[in-house]
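Only a predicted model underlies this, so the values are computations on that prediction, with no experimental measurement involved. Quick note: numbers below take in every heavy atom, side chains included, and nothing from hydrogens, waters or symmetry partners. We're numbering straight along the sequence, starting at 1.
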Amino acid sequence: MAEHFRDDSVAAVAVRIDAEHTSGLVFDPHQPQLRITDLGAVRGDGIFETMLAVNGTPRKLDAHLARLRRSAGILDIGIPPADSWEAAIGLGLEEYRARGGVPEELAIKLVATRGVEGEPASEDPAFAGTYWATLTPVAESMRTNRGTPLAVTLLDRGYDSTVAERAPWLVLGAKTLSYAVNMAALRHADAHGFDDVIFTTSDGQVLEGPTSTVLIARRGAEGEPPTLITPVLETGILPGTTQGAIFTAAERAGWKLGYGPLTPEDLYAADHLWLLSSVRLAAPVERLDEHRLAVDPELTAVLNSFLDQDLPVNHPLD
């Protein structure tokens with residue numbers, strides 16, 4: 001059977017990291033690489049990060065590497081040091097240059113798995129698993145659809161707001177490869193006429209989207225900047241790098257910032273609502289279930305211009 005790949009997939013570059021190639025080794029992502037017994041494949045036992053690179057410069061690189069380390073700590077997975085990941089990304093960019101030029105926008109995905117059970121790839125815990133980076137041109141459909149208002153539905157995530165502290169073995173707050181529930185939620189939303197999802201706890205707190213962070217704005221008095229609010233991290237949500245970078249820039253611009261807890265009623269009453277992610281950026285929400293929300297393209301553009309500054313992220317201290 002002939003294989004068919006999208007144009008952006010064909011143009012992808014992949015780089016492996018291991019104990020013998022600590023700065024990376026370019027490989028063909030369309031050829032078999034992963035052992036079928038790798039725990040990342042058979043159990044989703046691994047972590048990842050996805051970031052945007054613009055004109056060959058990765059955005060929020062330090063924040064993504066820090067969150068990768070955080071996720072690795074939660075799952076107790078050894079990962080290569082930051083300089084190995086940075087070198088691998090650099091090697092991927094050099095491969096594009098050798099091919100004729102770096103695409104204007106790339107999605108860079110870093111993946112680390114626990115490797116094959118009982119067969120560590122190295123005696124060094126930092127290289128005992130399986131590690132790679134892929135660099136893929138951002139699809140034109142993604143770029144042209146940025147800023148398109150979304151219809152979003154609220155879905156119960158199936159646990160209460162205190163479970164992260166009560167049950168740390170659920171590894172909430174880690175960006176793991178176990179995305180089956182998230183993808184099922186998006187399929188459910190699509191089947192019911194929605195573009196995306198916001199998860200809630202069983203006791204009524206707002207969490208995050210399957211691939212995004214929630215952000216609301218409340219307008220200030222005339223002449224005053226708006227207040228940006230995002231859900232609290234204590235519920236076990238992933239610290240959003242896009243949200244954190246926007247908060248840093250907004251604070252420098254004199255805007256007010258806040259962390260929840262937020263409820264669905266807070267979302268309904270918000271002046272504006274967005275879903276934030278590294279590649280899609282700030283996506284405005286115009287409908288939340290049956291509730292209509294105002295969309296302000298100019299304010300969305302300001303949020304995305306904050307991201308152009310590529311500032312360090314701003315989160316509360318753990």
Shared hydrophobic cluster for L276 and V206 (ILVMFWY, side-chain gaps under 4.5 Å): no

Close side-chain approach of D266 to I229, heavy-atom, < 4.5 Å: no

D310 side chain to K60 backbone, donor-acceptor under 3.5 Å: yes

Check: K175 main-chain N/O paired with S71 side-chain donor or acceptor under 3.5 Å: yes

Check: A82 main-chain N/O paired with R69 side-chain donor or acceptor under 3.5 Å: no

L52 and L281: CA distance, side-chain angles, deciding distance, side-chain contact (heavy atoms from CB on, under 4.5 Å) verdict: CA-CA 9 Å; L52 179 67; L281 309 181; 4.1 Å; yes

Exam field: side chain D83 to backbone E86, donor-acceptor pair closer than 3.5 Å: no

Worked verdict on Y159 versus L207 for side-chain contact (heavy atoms from CB on, under 4.5 Å): CA-CA 11 Å; Y159 52 73; L207 292 169; 3.9 Å; yes

Side-chain donor or acceptor of T248 paired with backbone N/O of P312 under 3.5 Å: yes

Contact summary for V42 and T37, nearest pair of heavy atoms: CG2-O, 4.2 Å

Donor-acceptor pair, side chain of T230 and main chain of V214, under 3.5 angstrom: yes

Exam field: side chain R143 to backbone V138, donor-acceptor pair closer than 3.5 Å: no

Reported CG-to-CG distance for the pair D196 and L275, which is rounded to 0.5 angstrom: 5.0 Å

Exercise: do D308 and S305 side chains pair donor with acceptor under 3.5 Å: no

Trace of the side-chain contact (heavy atoms from CB on, under 4.5 Å) decision for T136 with K109: CA-CA 8 Å; T136 308; K109 188 171 185 177; over 6 Å; no

More than 12 heavy atoms from other groups under 6.0 Å of CG on D76: no

Connected via hydrophobic side-chain network under 4.5 Å: L154 and M183: no

Nearest heavy atoms of R59 and H64, plus distance in Å: O-CD2, 3.6 Å

Side chain to side chain, F194 and H188, heavy atoms closer than 4.5 Å: no

N-O pairing of D271 and R219 below 4.0 Å: no

Heavy atoms from other residues, nucleotides or ligands near CD of Q309 exceed 12 (cutoff 6.0 Å): yes

Parallel, tilted or perpendicular: ring planes of F306 versus W255, cut at 30 and 60 degrees: perpendicular

Same cluster (ILVMFWY, side-chain, under 4.5 Å), V152 and L293: yes

CG-CG distance between L186 and L155, expressed to the nearest 0.5 angstrom: 9.0 Å

Any donor-acceptor N/O pair, R146 side chain to V279 backbone, under 3.5 Å: yes

Common cluster, L170/V181, ILVMFWY with side-chain heavy-atom separation under 4.5 Å: no

Worked check of side-chain contact (heavy atoms from CB on, under 4.5 Å) between L303 and L228: CA-CA 10 Å; L303 296 182; L228 300 179; 4.2 Å; yes

Heavy-atom donor-acceptor pair, Y131 side chain to S84 backbone, under 3.5 Å: no

Side-chain touch I47/I74, heavy atoms, less than 4.5 angstrom: no

Close side-chain approach of L61 and I89, heavy atoms under 4.5 Å: yes

L273 and P284, any side-chain heavy atoms less than 4.5 Å apart: no

Nearest heavy-atom neighbours spanning A41 and L34: CB-CD2, 3.9 Å

Quiz item: cation-pi between R99 and Y96, 6.0 Å / 45°: yes

Separation between CG of L288 and CG of L150, rounded to the nearest 0.5 Å: 11.0 Å

CD/E123: more than 12 non-hydrogen atoms of other groups inside 6.0 Å: no

Distance-only donor-acceptor check, side chains Y259 and E234, under 3.5 Å: no

Contact check, side chains of N55 and V102, non-hydrogen atoms, under 4.5 Å: no

Closest heavy-atom pair and its distance - P210, N182: O-ND2, 2.7 Å

For the student: nearest non-hydrogen atoms of I108 and A53, plus distance: CD1-CB, 3.7 Å

Heavy-atom check, side chain of L311 versus side chain of F247, under 4.5 Å: no

Joint hydrophobic cluster, L262 plus V232, side-chain heavy atoms closer than 4.5 Å: no

Separation between CD of E49 and CG of L110, rounded to the nearest 0.5 Å: 7.0 Å

Between CD on residue E117 and CZ on residue R43, distance to nearest 0.5 Å: 4.5 Å

Residue pair S122 / D124, side-chain donor-acceptor N/O under 3.5 Å: no

Within-4.5 Å side-chain heavy-atom neighbours: R35 and T130: no

Expected output: side-chain E208 to main-chain L238 donor-acceptor under 3.5 Å: yes

Distance-only donor-acceptor check, side chains D289 and T153, under 3.5 Å: yes

Closest non-hydrogen atom pair between T22 and I17, with its separation: O-CG2, 4.0 Å

From T113 atom OG1 to I79 atom CD1, the distance as rounded to the nearest 0.5 Å: 12.0 Å

